[in-house]
Colleague: 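Pasting in a structure now, in structure tokens, and then I'll have a few things to ask.
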Amino acid sequence: MSAQQVLFDIPGPKARARHLLYGVLGTLVLLGLLVLVLIRMANRGQFEAAKWTPFLESNTWTFYLLPGLVTTLQAAAVAVVLSMVFGIGLAMLRMSDLAPVRWASGVFVEFFRAVPVLIMMIFTWQMLVKNPTMVRLMDSLGLTGANATFIAVVVGLVLYNASVICEIVRNGVGSLPGGQREAGLSIGLSSAQVRRSILVPQALTSMLPALVSQIVVITKDSALGYIITYPELLSRTRQLGSANANTLAAYLVAAVIFILINYAISKLAEWIEGRQRRKRRGPTGGGAQTEDEEQAGQRADGATLEAGGAQR
Amino acid sequence: MLELIEQFNVLGAFWLNIRLAAVSFVLAMVLGTVIAILRLAPVSVLNWFGATYVTLLRNTPLTLIIVFANLGLWLQLGIEFVPREGNPNFILENNFWLAVLGLTVYHAAFICEAIRSGVNTIPVGQSEAARSIGLGFGQSLREVILPQAFRGGITPIGNVLIALIKNTTVAVAIGNREIAYQMRNMMEFRPDAGILIFLIVAIGFVILTLPVGLGTSWLSSKLAVKR
């Protein structure tokens, strides 16, 4: 049900007047809340120039925020690449012809989806810096405690997100028409070859929006590195806040940076989804499947329309 | 293993996670439902507000929200949830509620989207029928749409609850002595037993989240609206 068009009738003059009243009241309540927050902030001196002018100085950006952003993106980028690789590998194993391999990878995936990312990060970090065997290994590789926090962030992100991506890929393969696999088998490919060269590539394309959305999850979760002292954007923000005594302002700026990055990635995912839907509506494709897709398309259309409300 | 669990009060730490999750879930359900109603309402200003809330909160890291609750809301703006005078546990108790606040506002955005996906499972005829017998928007929402949306949205709501249970570990960022805090303690003092400690904590989370997954899939088939 595409909510907006059917939840209410096209409003008549009375309803329009009532909706206008609700709109005005809602705006007033929101503005009231905003004013309360602003008054509270003003009373606590949050609008003093000294709290905000640091953001006009290059030092703030080159010494705190940009290096923090770079370390955040480094961890996220490495984690994205590794999660994709391991996730696809896990999906192959979970669809293997050998039952024990399927079970083992199934247990792995379910286990790491159930454990919080932060727990995995703390475990990896503490093992690397405290466990005698691991400490010796780290020394022999020439790695320091600073490397340990980076490794811990990446390991935590990869274990969880590879498991999630494995399930995304598996869902993608599951939603392909059965004829794809049968056609592959009938031209003499082995079932492993069918998976590798026919099923998984198609699943990756159709699941691209979900995979891109997962990048948002990884970027957000990289902020957990703050807790294990990885010098990412939040840690730098904290330092900036105590250097200039403008904690609140610093965190608001950091939040804006995170929101902009993640919003851009979500928009990219939406764009890819829309493009794929337009492509699929072309002359190719047939039968029941297109009908399903049409419905899915209509549902999504409803979802994008709803921002505008019932203006008709 | 048992001696580790007793020595470091693992169960007490997990109990704090459970309390954080339970309180935040109830509050997030309330707030999420309100935001979902805003997003479904026929008033475009309210739609805009609901959509903006979801966009902003979903794209902000939970760690940032919870740290902000502590450093920004409490230390800078002086927002306190419990009386300070004569309360030796003031900081611990206040941090509990600040973490609840952070978890609530973050997960309310996801609850809102789960309810909206529940609304998507309802056939158009339901709301058309509701309107044809003369129910207004509020009435049809209350009597027809939302009851079915909650039943159709049980699986996504359950997924939010599972994520919420796991995310209670982030409360350690502002000094809540829950299981992530306790695990770090344990690993500092017993670096030799690292893997065992990890397994204890991990299995604890499997025990906490598994029943939710099983329960929601049972509930969603039991409560599914027969069509």
Side-chain angles (χ1 to χ4, degrees), chain A residues 1-4 6-9 11 15 19-20 22-24 26-27 30 40-41 44 46 111 114-120 122-123 126-127 130-132 216 219-224 226-227 234 238 241 247-248 251-252 254-255 258-259 261-263 266 299 302-303 306-311, chain B residues 38-49 51 55-56 58-64 67-68 71-72 75-78 116 119-124 126-128 131 137 140-141 145 162 166-167 169-170 172-173 179-180 183-184 187-188 191-192 194-195 197-198 201-202 205-206 209-210:
Chain A
M1 183 167 98
S2 39
Q4 233 60 28
V6 290
L7 273 183
F8 36 80
D9 288 309
H19 292 171
L20 187 68
Y22 291 154
V24 171
T27 317
L30 285 184
R40 183 103 191 186
M41 285 175 74
R44 298 271 170 164
Q46 292 300 328
F111 180 76
V115 180
V117 177
L118 180 61
I119 295 294
M120 300 187 243
I122 294 179
F123 168 70
Q126 289 293 317
M127 284 298 270
K130 288 269 154 54
N131 186 283
V216 174
T219 317
K220 278 200 304 186
D221 280 354
S222 72
L224 290 170
Y226 170 89
I227 297 168
L234 282 191
R238 182 176 197 160
T247 309
L248 194 91
Y251 275 104
L252 288 180
F258 267 113
I259 290 170
I261 295 174
N262 291 326
Y263 186 67
S266 333
R299 240 181 289 128
E306 107 257 320
Q311 286 132 341
Chain B
L38 291 184
R39 290 202 74 172
L40 296 171
V43 183
S44 55
V45 181
L46 302 183
N47 292 166
W48 176 85
F49 175 66
T55 308
L56 291 183
R58 270 211 308 194
N59 287 317
T60 314
L62 178 62
T63 321
L64 194 156
V67 171
F68 181 82
L71 297 179
L75 286 177
Q76 298 292 316
L77 298 182
R116 269 175 13 108
V119 170
N120 277 334
T121 64
I122 307 170
V124 180
Q126 292 288 322
S127 75
E128 284 174 348
R131 276 183 289 132
F137 173 72
S140 65
L141 208 60
I145 305 296
I162 291 175
K166 288 158 54 183
N167 279 337
T169 50
V170 181
V172 70
I179 192 64
M183 178 181 166
R184 200 184 144 184
M187 293 198 64
E188 292 229 7
D192 52 304
I195 292 175
I197 293 168
F198 174 70
V201 176
F205 273 100
V206 174
T209 54
L210 204 62

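Chain naming here is simple, since letters A, B, ... match the order of the sequence lines and numbering starts at 1 in each.
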Colleague: Ignoring hydrogens, what is the shortest heavy-atom contact between A:Leu118 and B:Thr169? Give both atom names and the distance.
Modeller: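 Shortest heavy-atom contact: CD2-O, 3.2 Å.
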
Colleague: Would you check if the side chain of A:Arg40 reaches a backbone N or O of B:Gly78 as a donor-acceptor pair within less than 3.5 Å?
Modeller: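 Present.
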
Colleague: Taking all heavy atoms of B:Thr60 and all of A:Ala255, pick out the closest pair and write down the distance.
Modeller: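 Nearest heavy atoms, B:Thr60 then A:Ala255: CG2-CB, 4.5 Å.
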
Colleague: So which part of B:Thr209 gets closer than 4.5 Å to some heavy atom of chain A, the side chain, the backbone, both or neither?
Modeller: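 When you check distances to chain A, only side chain atoms of B:Thr209 fall under 4.5 Å.
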
Colleague: With only heavy atoms counted, which part of A:Leu224 is less than 4.5 Å from chain B, the side chain, the backbone, both or neither?
Modeller: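 A:Leu224 touches chain B through backbone and side-chain heavy atoms alike.
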
Colleague: Taking the side chain as every heavy atom from C-beta outward, state whether B:Phe198 and A:Ile122 have any atom pair closer than 4.5 Å.
Modeller: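 No, every pair of side-chain atoms sits at 4.5 Å or beyond.
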
Colleague: Which region of B:Leu75, side chain (C-beta onward) or backbone (N, CA, C, O), has a non-hydrogen atom less than 4.5 Å from a non-hydrogen atom of chain A, or is it both or neither?
Modeller: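 Looking at B:Leu75, nothing touches chain A.
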
Colleague: Checking heavy atoms, do the side chain of B:Leu56, its backbone, both or neither come under 4.5 Å from chain A?
Modeller: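 For B:Leu56, heavy atoms of backbone and side chain both lie under 4.5 Å from chain A.
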
Colleague: Under 4.5 Å from any heavy atom of chain B, what part of A:Tyr226 do you find: side chain, backbone, both or neither?
Modeller: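 A:Tyr226 touches chain B through side-chain heavy atoms alone.
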
Colleague: Identify which part of B:Val172 has an atom lying under 4.5 Å from any heavy atom of chain A, answering side chain, backbone, both or neither.
Modeller: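 Just its side chain gets close to chain A.
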
Colleague: For the residue pair A:Lys220 and B:Pro61, what are the closest heavy atoms and their distance?
Modeller: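 Smallest heavy-atom distance, with atoms named: O-CB, 3.5 Å.
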
Colleague: Is there a side-chain contact between B:Phe68 and A:Thr247 (heavy atoms, below 4.5 Å)?
Modeller: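 Contact flag for B:Phe68/A:Thr247 side chains = no.
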
Colleague: Give, for atom CD of B:Gln76 and atom CD of A:Gln46, the distance between the pair rounded to the nearest 0.5 Å.
Modeller: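 Rounded to the nearest 0.5 Å, the CD-CD separation comes out at 5.0 Å.
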
